[in-house]
Undergrad: 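One structure is given below, represented as C-alpha cells, and several questions about it will come after.
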Number of protein chains: 2
Amino acid sequence: MRRKKESSEIKKEIINAARHLFLEEGYQNVSMRKIANKIGYSPTAIYIYFKNKEEILLNLLEEGYNLFYDDLKLAYDSSLNNSYEVRLFKMCEAYIHFGLKQPDYYNIIFTMNMEMNTLLITHSNRYNGFLLLNEVVKDLIQENAFVVNNYELEQPDIYVSNTIWASLHGLTSLLIAFPQFNWGEQDRLIQFHIQTIIQGLKI
Amino acid sequence: MRRKKESSEIKKEIINAARHLFLEEGYQNVSMRKIANKIGYSPTAIYIYFKNKEEILLNLLEEGYNLFYDDLKLAYDSSLNNSYEVRLFKMCEAYIHFGLKQPDYYNIIFTMNMEMNTLLITHSNRYNGFLLLNEVVKDLIQENAFVVNNYELEQPDIYVSNTIWASLHGLTSLLIAFPQFNWGEQDRLIQFHIQTIIQGLKI
DNA sequence: TTATTTAAGTTAACAGCGTTAACTTAACAC
DNA sequence: GTGTTAAGTTAACGCTGTTAACTTAAATAA
C-alpha cells in the first residue's frame with residue numbers, strides 16, 4: 001500500500017524517530033525494528049530510504065555539526081565588541097557547554113569514530129565550528145597575543161588550535177563519560193581549565 | 001569430557017583469546033562464539049568462568065590499568081634526579097605515548113564508559129596512575145611552582161590535576177580516533193601541548 | 001480506457017548475536 | 001559400586017542487521 005506522502009517526508013519521519021530513540025537509548029540499543037515500529041512501517045521499509053543503520057546516524061551527525069556550529073557562532077557574534085582573547089574564552093565555554101547540553105550529539109560527533117567522520121570534520125567548510133575557532137586563533141596570533149615563535153613551527157596556528165581543541169574535547173568528553181568522578185565544582189573547573197590553556201599559549 | 005586443566009588456567013586461556021581478538025577486531029566485533037572457537041570450547045562453556053561478555057572486558061580493563069600504571073611509574077622513577085616540573089612533563093609524555101602505543105587498552109579504560117569504570121578509577125588506590133600524577137602535582141603546588149592561589153579554590157590540586165588529565169586525554173583520544181586529521185607534526189604537537197598546559201599552570 | 005511499467009511496502013528468511021536451561025559425562029568420595 | 005559434584009555439551013530463545021522475493025498501488029503509455 002503506497003502512502004501519499006513524499007519520499008523526503010518519510011525520510012524525515014525516520015530521522016525524527018531515530019533521533020528520539022538514539023538520544024534516549026543510545027545508538028547501539030536502538031534496532032531498526034524499533035525505529036520502524038515507531039513510524040508504523042515494516043523494518044525493511046527503512047532500507048528504501050537509507051542504505052543501512054549507519055547512514056541514519058550520519059544524518060544525525062550532520063545535524064549535530066550544525067547545532068555545534070550554531071552555538072559557536074552565537075558565542076562568536078555576541079563577543080564582537082570584546083577582545084579576541086575574550087572571544088576565544090567565550091567560544092571555549094560554548095564548546096564545553098554544548099557537550100554538556102547535548103552529550104549524545106557530542107558523542108556522535110567526537111567519540112563514535114566512523115570512517116566518514118574525519119572527512120566531515122576536515123573538509124566540510126560551511127557551518128564548521130572548527131574553522132570559526134581557527135579564525136579567532138589566527139587573529140590572536142596576528143596581533144602577537146600568542147607567542148608561538150619560540151617553537152619555530154611552520155604553521156603555528158594549526159598547533160595552537162589543535163591544542164585548544166584537544167584540551168576542550170578532553171574535559172568535555174570526560175565530564176560526559178564520568179559524571180560521578182570528583183571534578184570539584186564543575187563550573188569552576190571549566191573556568192580554570194580554559195584560563196589555563198589560554199594563559200599557557202600567551203607566554 | 002572434563003579437562004585436566006585447573007579452573008584458573010582455563011580462565012587465563014579465555015582472557016588470552018579475548019585479549020587477542022578484542023585488541024585486533026574491537027570489543028563489539030568479537031562474539032562469544034569466536035572466543036570459544038579460538039580456545040576449542042563450546043560458546044556456553046565460557047559462562048562457567050565468566051558471568052557474561054562484559055566481565056571478560058573488565059579483566060582486560062584491569063590489565064590496562066596495570067600497563068598504564070607501569071608506564072607512568074617508569075616515567076616517575078626515571079626522573080628522580082630531575083625537577084618536579086621535568087618529572088611532570090615526562091609523565092605527561094608517558095601518558096600520551098601509552099595511548100598511542102596501546103590504543104585499544106586506552107579506549108577500554110577511558111572511552112568505553114562502563115558503570116564500574118568510574119569506581120575503579122576513583123577508588124582503586126594501588127597501581128593507580130592518577131594518584132601518581134596527583135602526587136607530582138601536589139609537590140609542584142607545595143613548592144609554589146603552580147600559582148593557584150589567585151583562584152581561591154578549596155582543593156587546588158584537584159583542579160590542577162583534573163585539567164592536566166583532561167588535556168592529556170583530549171589529545172590522546174583525538175589522535176587515536178582521527179589519525180587522518182591534519183595534526184601537523186605529531187611529536188611536535190605533543191611537546192607543544194604539554195608545554196602549553198604546564199606554562200598555563202605556572203602563571 | 002486498458003495495459004504496462006515502476007515505485008513503495010510487505011513477508012519470509014538468513015546468518016549471526018548473548019545468554020539460559022536441560023542434559024551428558026567424567027572425576028572424585030564413601 | 002553408588003551418589004554427588006563439577007565441567008562441558010547441545011538445543012533453544014529472543015534478539016539483531018540485512019537481503020530476496022513478492023505484492024500492490026500509482027503513474028504512464030497505448
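In the text below, chain A, chain B and the rest are named by the order of the sequence lines, each starting its count at 1.
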Undergrad: Could you check how far NZ of Lys51(A) sits from C1' of dG17(D), rounded to whole Å?
TA: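 Rounding to the nearest Å, NZ of Lys51(A) and C1' of dG17(D) are 13 Å apart.
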Undergrad: Nearest whole Å is fine: how far is dG18(C) P from Lys53(B) NZ?
TA: 5 Å
Undergrad: Say whether, by atom type as modelled, one donor and one acceptor occur between the side chain of Asn162(B) and the main chain of Asn182(A) under 3.5 angstrom.
TA: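 Yes; at least one donor-acceptor contact below 3.5 Å.
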Undergrad: What's the CG-C1' distance between Asn52(A) and dG16(C), to the nearest Å?
TA: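 My rounded result for the distance is 17 Å.
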Undergrad: Should the pair His169(A) and Phe110(A) be assigned to parallel (<30°), tilted (30 to 60°) or perpendicular (>60°) ring geometry?
TA: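 Aromatic pair His169(A)/Phe110(A) classed tilted.
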Undergrad: So which nucleotide from dT19(C), dT9(D), dA8(C) ends up closest to the side chain of Ile48(A)?
TA: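 Comparing dT19(C), dT9(D), dA8(C) against the side chain of Ile48(A), the answer is dA8(C).
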Undergrad: More than 12 heavy atoms of other residues, nucleotides or ligands under 6.0 Å from NZ of Lys11(A): yes or no?
TA: no
Undergrad: Between dG17(D) atom C1' and Phe50(A) atom CZ, what is the distance in whole Å?
TA: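 Going from Phe50(A) (CZ) to dG17(D) (C1'), I get 16 Å.
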Undergrad: Starting at CD of Glu55(B) and ending at C1' of dG18(C), how long is that distance when rounded to a whole Å?
TA: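 Between C1' of dG18(C) and CD of Glu55(B): 14 Å.
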Undergrad: Heavy atom of residues 18-31 of chain B under 4.0 Å from DNA chain C: which residues?
TA: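 Within residues 18-31 of chain B, the residues near DNA chain C are Val30(B), Ser31(B).
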Undergrad: Can you tell me the distance, in whole Å, between the CD1 atom of Ile10(A) and the P atom of dA7(C)?
TA: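 Between P of dA7(C) and CD1 of Ile10(A): 15 Å.
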Undergrad: Please work out whether the ring planes of Tyr159(B) and Phe192(A) are parallel, tilted or perpendicular, with thresholds of 30° and 60°.
TA: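 Rings of Tyr159(B) and Phe192(A): perpendicular, over 60°.
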Undergrad: Does a sphere of radius 6.0 Å around NE2 in His97(A) hold more than 12 heavy atoms from other residues, nucleotides or ligands, not counting ones at 6.0 Å or beyond?
TA: yes
Undergrad: For Tyr41(A) and dT24(D), what is the distance between atoms OH and C1' respectively, to the nearest whole Å?
TA: 14 Å
Undergrad: How about Glu25(B): does its CD atom have over 12 heavy atoms from other parts shown lying under 6.0 Å from it?
TA: yes
Undergrad: Just wondering, are more than 12 heavy atoms of other shown residues or ligands nearer than 6.0 Å to CD in Glu55(B)?
TA: yes
Undergrad: What's the CD1-C1' distance between Ile56(B) and dG18(C), to the nearest Å?
TA: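 One finds 11 Å between C1' of dG18(C) and CD1 of Ile56(B), rounded.
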Undergrad: Is it the case that atom NZ in Lys12(B) sees more than 12 heavy atoms from other parts of the structure closer than 6.0 Å?
TA: no
Undergrad: Produce the list of close N/O pairs, under 3.5 Å, pairing protein atoms with atoms of nucleotides 10-12 of chain D; give distances to one decimal.
TA:
residue: dT10(D); atom: O4; partner: Thr44(B); partner atom: OG1; Å: 3.0

Undergrad: Nearest 0.5 Å, what's the CD1-CZ distance between Ile158(A) and Phe181(B)?
TA: 8.5 Å
